[in-house]
Amino acid sequence: MVTPGIDPLDSIRGADVGRSGRGGLVGLAIDSTAGFAVVLPATETTSGSTITGPIDDLAEALAQLDDALAPRWVWWSIDTAAALVHAGITLTTCWDVATVQRLITGGWRADPARVWAQLHGLATEMIPTAGRIDLFTPAVTGGDLEEPVRPDGHLTPQWLADDWSWTPTRLGRWAALAVEAASLQIVALNALAERPMAPTTARSESAAELLCAELRKEGLPMNRAAAEQIIAEFIGARPRSDGEAERQRTLRDADVLRHGPIGQFDLRNPSQVKSLLRSVGVEVPDTRAWRLEALHDPHPLVIALLAWRRAERVATTFGYDWLDEHLGTDGRLRGTWSGCDGAAGRMTATAGLHNMPTHMRPAVIAEPGFVFVRADLGQIEPRVLAAVSGDTALARAAAEDDMYAPVSTQLGVDRATAKVAVLGAMYGQTSGHGAQALRGLESSYPVAMSYLADADLAGQAGRDLRTYGGRLVRMDLTQAAGLDDRGTRSRAAARGRYGRNALVQGAAAELFKMWAVIVRTRAAPFGGRIVLCLHDELLVHVPAEHGGQVADLLDTCLAEAAHRWAGGRANGVRFIADIAVIRRWSDAKP
DNA sequence: ATCGTAGGCGCC
DNA sequence: AAAGGGCGCCTACGAT
């Protein structure tokens with residue numbers, strides 16, 4: 001099931017699968033002024049050595065070492081990946097200490113001092129800072145600044161400061177410490193006996209950091225004229241002055257307020273909106289759109305308010321200012337990408353790349369001579385559930401293109417009810433229409449349902465969880481998701497839903513990233529570049545003449561990803577993708 | 001003035 | 001009894 005050629009996880013440029021890791025862990029640290037340092041490990045015949053040089057020599061040095069050793073490049077964080085991208089260097093994979101630590105320990109914070117302390121069993125509360133920030137943090141005075149590790153075992157905080165003055169020697173020490181951290185991480189990952197895929201996840205998540213660094217530089221092709229035309233349809237032409245913008249704003253407000261009583265109401269203040277609605281006889285607990293849309297025979301004020309909210313969203317978030325800030329003169333929309341969030345591990349992006357309104361998507365147009373290959377995973381979460389829970393009955397359902405069809409037959413309900421029930425089970429919704437069908441699920445798919453119920457119980461009890469790929473999902477009792485004022489029972493229930501959802505969402509994210517990093521490597525020879533990752537959707541920008549080949553490739557990469565992600569334990573679950581070659585993002589209907 | 005929080009909404 | 005989760009981003013507001 002492994003596509004021949006470059007291995008996107010286990011080897012470096014041009015290397016075969018069989019060469020994986022032959023050169024061992026090789027540390028890399030880069031500073032824009034001090035240059036780079038490469039730390040080679042000791043072997044049976046040689047002692048370890050460090051190579052340093054100026055940035056200009058980096059590409060050649062890495063190419064030679066890559067070919068000679070097929071090493072696994074190790075660095076502290078995406079900053080190094082970004083420096084490589086900046087230098088025009090493309091590596092296939094790496095070991096990113098920060099992202100691996102997020103996998104092992106959960107959460108998002110993974111600065112070197114914290115990672116080092118965790119890997120060495122030191123209390124993170126005792127991490128020293130360069131200046132005393134409170135009474136309990138040990139202040140740093142004196143000491144040997146040339147030593148990156150202090151006598152107490154913690155990293156020397158000056159090395160972590162933005163203004164630390166790097167030298168080639170210091171970069172060498174720093175890269176060596178990254179290798180030491182990676183070695184400890186590998187031990188920790190191998191110790192997760194219940195999560196045999198964890199080492200694999202560490203590699204794919206590391207490669208995803210390379211992808212994130214590239215996504216930030218590459219940007220999403222977006223046609224400015226098309227985008228401005230769409231915005232104009234909502235809020236009119238671009239205002240030529242602040243005064244004009246203010247007048248347009250006042251006019252938009254007046255279109256709503258004329259339906260209500262005389263008086264001052266701030267439409268941007270939810271409690272005042274509630275008062276305004278009450279004044280025309282509309283009583284609602286809150287003013288959320290779905291609640292207002294649920295009103296039958298709505299007051300004209302409600303209609304106007306909902307239209308105002310849509311226009312206001314464009315004006316404030318996805319309007320001219322948004323384009324000016326994030327859309328470059330080269331027609332690329334750029335934001336910052338993160339390989340995982342601090343919860344279940346999905347990717348995140350800024351600049352509206354992950355929540356761009358559908359009405360803006362016709363402006364995402366491939367450049368001349370290029371096409372998009374768009375692919376999204378079909379019914380990814382129930383399929384992932386079937387795989388990770390080991391439920392053979394659900395896995396059999398996943399053999400179908402539409403797995404809700406066999407489920408509905410099994411349950412004796414219509415397809416819509418079956419779908420709501422399955423989604424409800426995964427997301428913790430146990431009431432409403434799906435409640436009856438849920439009992440059917442429990443008897444027909446007991447393995448999957450108890451997998452979810454166990455996660456729910458763990459969440460309620462505040463016990464940490466681990467995804468299929470080994471990511472720790474932390475259950476912080478003081479900072480529960482869905483915190484509200486209805487007391488601890490509600491908070492426990494929210495944590496239960498969180499745990500239930502996190503195992504499915506997190507495993508899906510791991511599969512998705514595995515797919516993405518394989519596509520990244522295999523599409524590159526065709527000139528294909530991933531320009532957007534959207535949880536279960538990939539957008540690849542590719543020369544028009546290779547659109548068909550890359551479309552085929554996305555499908556084979558998915559099969560490979562599923563195989564690698566599950567390590568042959570996928571329980572026979574089939575994963576499917578809807579793939580289309582298009583010119584505009586909006587051309588393919590999900 | 002600066003910060004965190006809440007309501008709200010966009011996407012998955 | 002009833003209850004999806006995640007993220008980023010906007011505004012208003014209260015606390016510091």
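Letters go in sequence order (proteins before strands), and every chain restarts at 1. Source: prediction; values computed, not measured.
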>> Testing the 3.5 Å rule here: is there a donor-acceptor pair between the side chains of A/E510 and A/T201?
In response: no
> Can A/Q379 and A/D401 be counted as having a side-chain donor-acceptor contact under 3.5 angstrom?
Replying inline: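 No, no side-chain donor-acceptor contact under 3.5 Å.
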Please state whether the phosphate of [N], meaning OP1 or OP2, lies under 4.0 angstrom from any side-chain nitrogen or oxygen of [X].
X: A/N269; N: C/dC13; answer: yes
X: A/R288; N: B/dC9; answer: no
X: A/S271; N: C/dA12; answer: no
X: A/T358; N: B/dC11; answer: yes
X: A/R309; N: C/dT11; answer: no

[X] [atom1] to [N] [atom2], straight-line distance once rounded to whole Å:
X: A/K513; N: C/dC7; atom1: NZ; atom2: P; result: 13 Å
X: A/R310; N: B/dC11; atom1: CZ; atom2: P; result: 11 Å
X: A/L423; N: C/dA3; atom1: CG; atom2: P; result: 16 Å
X: A/W290; N: C/dA3; atom1: CH2; atom2: C1'; result: 11 Å
X: A/R268; N: C/dC9; atom1: CZ; atom2: P; result: 20 Å
X: A/M356; N: B/dC9; atom1: CE; atom2: P; result: 21 Å
X: A/Y320; N: C/dC10; atom1: OH; atom2: C1'; result: 19 Å
X: A/Q460; N: C/dG4; atom1: CD; atom2: P; result: 14 Å

Please tell me which of the listed nucleotides, [options], lies nearest to the side chain of [X]?
X: A/L534; options: C/dC9, C/dG5, B/dC12; value: B/dC12
X: A/A493; options: C/dC13, C/dA3, C/dC9; value: C/dA3
X: A/Q505; options: C/dC10, C/dG8, C/dG6; value: C/dG6
X: A/A494; options: B/dC11, C/dG5, B/dC12; value: C/dG5
X: A/N355; options: B/dC11, C/dC10, C/dG4; value: B/dC11
X: A/H535; options: C/dC13, B/dC12, C/dC10; value: B/dC12
X: A/P357; options: C/dG6, B/dC11, C/dG8; value: B/dC11
X: A/T287; options: B/dC12, B/dG8, C/dG6; value: B/dG8

Within the structure shown, what part of the strands sits under 4.0 Å from [X] by heavy-atom distance: base, sugar-phosphate, or nothing?
X: A/R313; result: base
X: A/A289; result: sugar-phosphate
X: A/A349; result: sugar-phosphate
X: A/R361; result: sugar-phosphate

> Between A/W565 and A/F575, how do the two ring planes meet: parallel, tilted or perpendicular, split at 30° and 60°?
Replying inline: perpendicular
> What class does the angle between the rings of A/H535 and A/H354 fall in, given that below 30° is parallel, 30 to 60° is tilted and above 60° is perpendicular?
Replying inline: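 Tilted.
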>> Checking the side chain of A/R500 only, and the main-chain atoms of A/A425 only, is there a donor and an acceptor separated by less than 3.5 Å?
In response: yes
>> Counting only heavy atoms from other residues, nucleotides and ligands, does the tally under 6.0 Å from CD of A/E233 exceed 12?
In response: yes
>> Tell me whether the side-chain N or O atoms of A/R346 pair up with the base of B/dC12 as donor and acceptor below 3.5 Å, since no angle test is needed here.
In response: yes
